[in-house]
Amino acid sequence: MSNLPEPAPVVRLPDGTYTYADHLPTPIQPVAPVPQVVHQHIHQAPPDRTVQRIALGSGIGAGTVAAGVYFGPLLVGALTAIAANLALLAFLAAALSWGVVSVVRSVGGTEGTNAAKNVGKAAKYLRRR
């Protein structure tokens, strides 16, 4: 008797070649599906598409809807910029008129006081309009 191990069985492959059975790949065992947990973080609500749906339902084309989607935010931005500029100009006008009134009151005597009253009356008149 020999102390050598038993030889592996020889297997004939579909292409006609022979190989040892211990060199064949092990069959892939199906893995039991494990449910995956999906963590979804929503940071912003989706935009409201009501206007687009109404527009598409009324028969106007997709180009008009796309223009509304594109130019709508641009219009809002432009109006906001205009409003900010007007607010800044109003603040500057108020600050400058206050400065002019203060300087006229401090520099002139009775004439400066009368001029400051006239400027104040003019400012009140302009605010009422």
Side-chain angles (χ1 to χ4, degrees):
M1 297 247 188
S2 122
N3 291 337
L4 295 174
E6 292 273 332
V10 177
V11 178
R12 185 173 184 182
L13 296 176
D15 63 353
T17 59
Y18 293 94
T19 186
Y20 290 104
D22 61 349
H23 291 165
L24 292 175
T26 57
I28 298 174
Q29 300 295 326
V31 179
V34 177
Q36 291 182 328
V37 178
V38 177
H39 295 283
Q40 184 176 10
H41 300 280
I42 299 173
H43 296 283
Q44 183 179 0
D48 185 16
R49 305 277 183 194
T50 307
V51 175
Q52 288 87 344
R53 287 189 188 115
I54 292 170
L56 287 175
S58 65
I60 62 174
T64 306
V65 174
V69 170
Y70 182 75
F71 290 113
L74 289 177
L75 178 64
V76 170
L79 292 176
T80 304
I82 291 169
N85 287 337
L86 289 176
L88 180 65
L89 289 175
F91 174 75
L92 287 175
L96 290 175
S97 63
W98 174 79
V100 167
V101 168
S102 298
V103 168
V104 169
R105 278 188 184 160
S106 65
V107 170
T110 57
E111 294 134 3
T113 306
N114 289 337
K117 286 180 185 177
N118 289 337
V119 169
K121 288 178 185 177
K124 285 180 187 176
Y125 176 75
L126 290 177
R127 275 188 245 139
R128 280 190 277 150
R129 289 188 108 202

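These numbers come from the heavy atoms of this one structure, side chains and all, not from hydrogens, waters or symmetry mates. Small disclaimer: the values here were computed from a predicted structure and weren't measured.
N85 is linked by a side chain to side chain contact (heavy atoms under 4.5 Å, CB included) to nothing, counting only residues two or more places apart in sequence or in another chain. Considering only residues two or more places apart in sequence or on other chains, Y18 meets the side chain to side chain contact (heavy atoms under 4.5 Å, CB included) condition with V10, R12.
From L96, atom CG reaches atom CZ of F91 across 9.5 Å, with rounding to the nearest 0.5 Å.
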